[in-house]
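Beneath this line is the structure, given in structure tokens, with notes to follow.
Only a predicted model underlies this, so the values are computations on that prediction, with no experimental measurement involved. Letters A, B, ... mirror the listed sequences (proteins, then strands); counts begin at 1.
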Amino acid sequence: MNVLIIGGGISGISAAKVALKGNHTVTILESSAEPGGLMARIANCRVGFKTFFDEIRDNERLTLISDAKIAKVDKKEDKTFAVTLEDGRALAADKVIIATGLTPYDPVEYKGKRVLTSLEYDAVIDQRQGELPADFNNIGFFLCVGSRSKDYPLCSSVCCSYTLREVKWTLQRAKPEITVFYNDLRFFGQEFYMEKAFRDAGVKFVRANSRYFEEDEKGVTVRYFAGGQLKEERFNYVVLAIGLRPNPQLAELSNLFGFSMNEYGFVNENAPLQTDVEGVYASGGALEPMNIKDSILTGFGAGLVAVKGPEILAKAEGHDERLYREDEPEFVLSDGNTTTCLFYLGTENPGNGMFYEFVSSKFIEAARDLRKAGKAVYVLTRNMVTPSYGEITYEEARREGIVFIHLEEDETVAFDGDRVRIAREGRELIFNADKVIRFDDYAKLLKDREYLSLYRSEPQLRWSPTKWGRKRYHVGFIRHPRDKRWEKREFLGALGEMILDHEEDRILPEVNEERCSGCGSCKDSCPHNAIEIIFEEKTISVFGPNNSTKVPIAHVKDDTCVSCGLCASVCPSDVISFP
Amino acid sequence: MKNIDQSRIFDLTDYKRQDFSVCLGCKICASVCTVNDLSESTNPQEILQKLFLGKNIPSDDHLVRYCTGCYRCTGACPWNIRIPEVIRALREELATRSPFEKAFKDSVSIWGRVYEPYVIIMAIPFLLKGGYIKHMTRWTEYMGIHLPHKVKRA
């Protein structure tokens with residue numbers, strides 16, 4: 001089968017990897033000179049992309065056409081495509097995967113020598129570009145530039161995350177004072193722990209935004225309104241976290257192939273990862289704004305569904321025991337017998353942070369229901385996480401008359417019966433609400449599960465977006481608590497990842513059963529639940545006649561162990577060791 | 001203090017309530033506001049929020065008094081919310097009109113032009129008492145004379 005992939009970014013390469021595994025011929029069309037797309041424009045990700053791509057670069061069934069532009073597409077009767085490029089080359093394609101990716105917004109009205117976009121700033125802090133500028137003492141980051149606005153109402157869902165990474169990379173090289181100005185901090189999973197760590201390290205977070213940048217030779221004067229008054233601050237550099245918009249070339253492809261697009265410029269998803277034209281699939285940034293991890297995931301999924309057909313989903317669902325999913329807990333938010341309802345969307349615990357996305361969508365849903373019944377609804381938000389299409393729902397909720405009150409960093413909320421008091425210096429707001437619904441009341445419903453996005457630390461993520469342990473792949477709510485539309489995509493992605501997965505040689509740790517006391521510290525430390533404590537019959541003699549009793553002894557489950565060595569390192573009496 | 005009927009305010013603007021309630025609360029409007037150039041601390045977003053919560057807005061609120069209608073906030077706002085229109089409606093509702101403004105407009109309605117002696121005579125009590133003498137630092141800035149004043153810095 002000939003698979004044509006349009007776009008040589010991370011998502012297209014992921015799709016190519018899956019398709020190449022099944023003895024298919026793959027052609028990648030890249031509109032620029034080099035593959036890599038947006039990911040390869042970030043200095044720290046370029047190497048990762050290269051290693052990822054190098055694994056298939058020399059495959060003889062892969063053709064990469066750079067500087068390609070499609071001139072004409074003919075749809076044949078047997079539902080295959082004859083594609084003609086502008087340089088006259090003709091290609092035959094049985095299946096087409098659209099992986100055009102995202103285009104960063106260009107804030108021409110604000111850019112300057114010291115007002116940089118995130119991509120420009122990334123080049124400044126790149127080690128390979130030499131030393132940092134001499135005046136590098138005060139950096140300000142501004143989020144939500146070119147997204148969440150009238151002309152592009154979607155949230156780009158990655159700007160907060162990459163700003164956090166840029167703060168990290170900056171702090172690795174220098175110790176400037178960093179201030180992050182945000183509307184909402186849309187982090188996912190364990191990024192909330194990173195945020196906490198940076199706060200402790202002295203990075204300031206201010207819940208206000210600004211468009212007042214007065215640039216001169218030595219720096220940028222910025223005005224912002226926080227804490228009840230206007231403040232003026234000088235920064236050496238100002239970084240605008242630019243939003244990601246759909247690729248403008250997607251419209252041309254839509255005309256050529258005949259698939260439809262939605263009003264925001266993304267592909268209309270007919271079924272998971274499929275467009276409404278048979279044989280044309282979509283992945284990555286062609287679907288919606290998403291991060292690199294999800295681009296790889298949808299790339300795997302699109303590659304799989306293109307070569308195996310859409311039936312694969314029904315065939316594997318519920319039958320493949322390697323796929324692991326859990327149902328989301330049921331939220332009963334309000335009985336509707338109230339006239340004034342107040343939602344408090346805020347938590348002090350960074351461990352609960354990863355549920356902001358899930359709880360935000362639930363709260364908005366409940367608030368809209370109450371509002372439609374004619375109730376007065378208030379939502380106090382510390383952080384409202386509604387990425388990509390979630391922002392549209394949030395916008396509708398605002399239009400419907402739900403009052404959202406954005407709490408600043410130093411504002412406190414006190415609940416006293418049905419009275420709610422918001423206070424900071426010079427400001428006081430008091431509400432009377434019949435019913436107060438708080439984030440933390442529901443957090444306990446979400447606890448004590450093995451969420452992949454929480455437990456995976458960053459270096460481990462790499463190229464396995466759904467893999468939890470050996471022979472276990474997390475999909476749906478347990479992978480990442482978010483909107484339902486992702487579940488089927490993750491399903492396909494996990495199936496694609498299984499095709500690529502290969503068994504690595506492992507050395508299993510050994511337990512010296514004579515000396516093991518069964519303290520369980522290895523069990524607690526194991527990130528993959530690969531150690532179980534088994535009670536064994538054992539003869540012991542302590543001051544008297546020999547006794548036969550059951551004693552706990554650690555055992556290594558060889559199908560889940562990944563040989564990370566954590567158990568050996570925590571064992572208090574060196575009972576576990578590697579041979 | 002007069003109670004404000006929020007639905008009337010939004011009717012007066014010729015826009016709907018939902019055109020204003022899309023506000024994200026980002027406070028970009030406050031960062032670019034011209035009134036804040038005069039070392040004031042006004043936040044247009046707070047005016048909107050007070051309206052949505054049904055709170056009272058004092059008629060001597062700095063933004064209501066000094067808004068020049070420059071639409072810088074609208075230009076910078078991600079949702080292009082037309083705040084000057086709300087301010088204009090609030091002025092109408094709160095009858096925030098200084099005697100000077102009244103004299104100025106009356107002069108135009110009587111003679112079809114500004115007749116300065118009339119304006120000055122009509123507005124003398126205001127100019128001396130609570131008006132321009134009190135806010136001298138401000139009107140000198142309008143004239144381009146920069147007297148020293150306190151700038152709030154972080």
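In this structure, A:Arg398 is positioned above the aromatic face of A:Tyr394, its NZ or CZ under 6.0 Å from the six-membered ring centre and within 45° of the axis. Relative to the ring axis of A:Phe205, A:Arg199 places its NZ or CZ within 45° and under 6.0 Å from the centre.
Only the backbone of B:Cys23 comes within less than 4.5 Å of a heavy atom in chain A; its side chain stays farther off. For A:Phe181, no part lies near chain B; criterion is any non-hydrogen pair under 4.5 Å. Using a 4.5 Å cut-off between heavy atoms, A:Glu391 contacts chain B through its side chain alone, with no backbone atom that close. Proximity to chain B (any heavy atom under 4.5 Å) is restricted, for A:Tyr378, to the side chain, taken from C-beta onward. Within the 4.5 angstrom heavy-atom criterion, no atom of A:Tyr152 approaches chain B. Heavy-atom distances place both the backbone and the side chain of A:Ile405 under 4.5 Å from chain B. For B:Lys55, the part lying near chain A is the side chain, with the backbone staying farther off; criterion is any non-hydrogen pair under 4.5 Å.
Taking the six-membered ring where tryptophan is involved, the planes of A:Phe136 and A:Tyr237 are tilted, since the angle between them lies from 30° to 60°. Using the six-membered ring where Trp is involved, A:Phe142 and A:Phe213 have ring planes that are perpendicular, over 60° apart on the 30 and 60° scheme.
Side-chain contact annotation: A:Glu215 with A:Tyr110, donor-acceptor N/O pair under 3.5 Å absent.
Checking each of B:Asp61, B:Val64, B:Leu12 against B:Leu90 for a side chain to side chain contact (heavy atoms under 4.5 Å, CB included) leaves exactly one that passes, namely B:Val64.
Among A:Asp151, A:Val222, A:Leu429, A:Asp184, the residue with the largest count of heavy-atom pairs under 4.5 Å with chain B is A:Leu429. Of the listed residues (A:Arg234, A:Glu396, A:Arg148), the one with the most heavy-atom contacts under 4.5 Å to chain B is A:Arg148.
Two residues are said to be in side-chain contact when any heavy atoms from C-beta on lie closer than 4.5 Å; B:Val35 and B:Thr68 fail this criterion.
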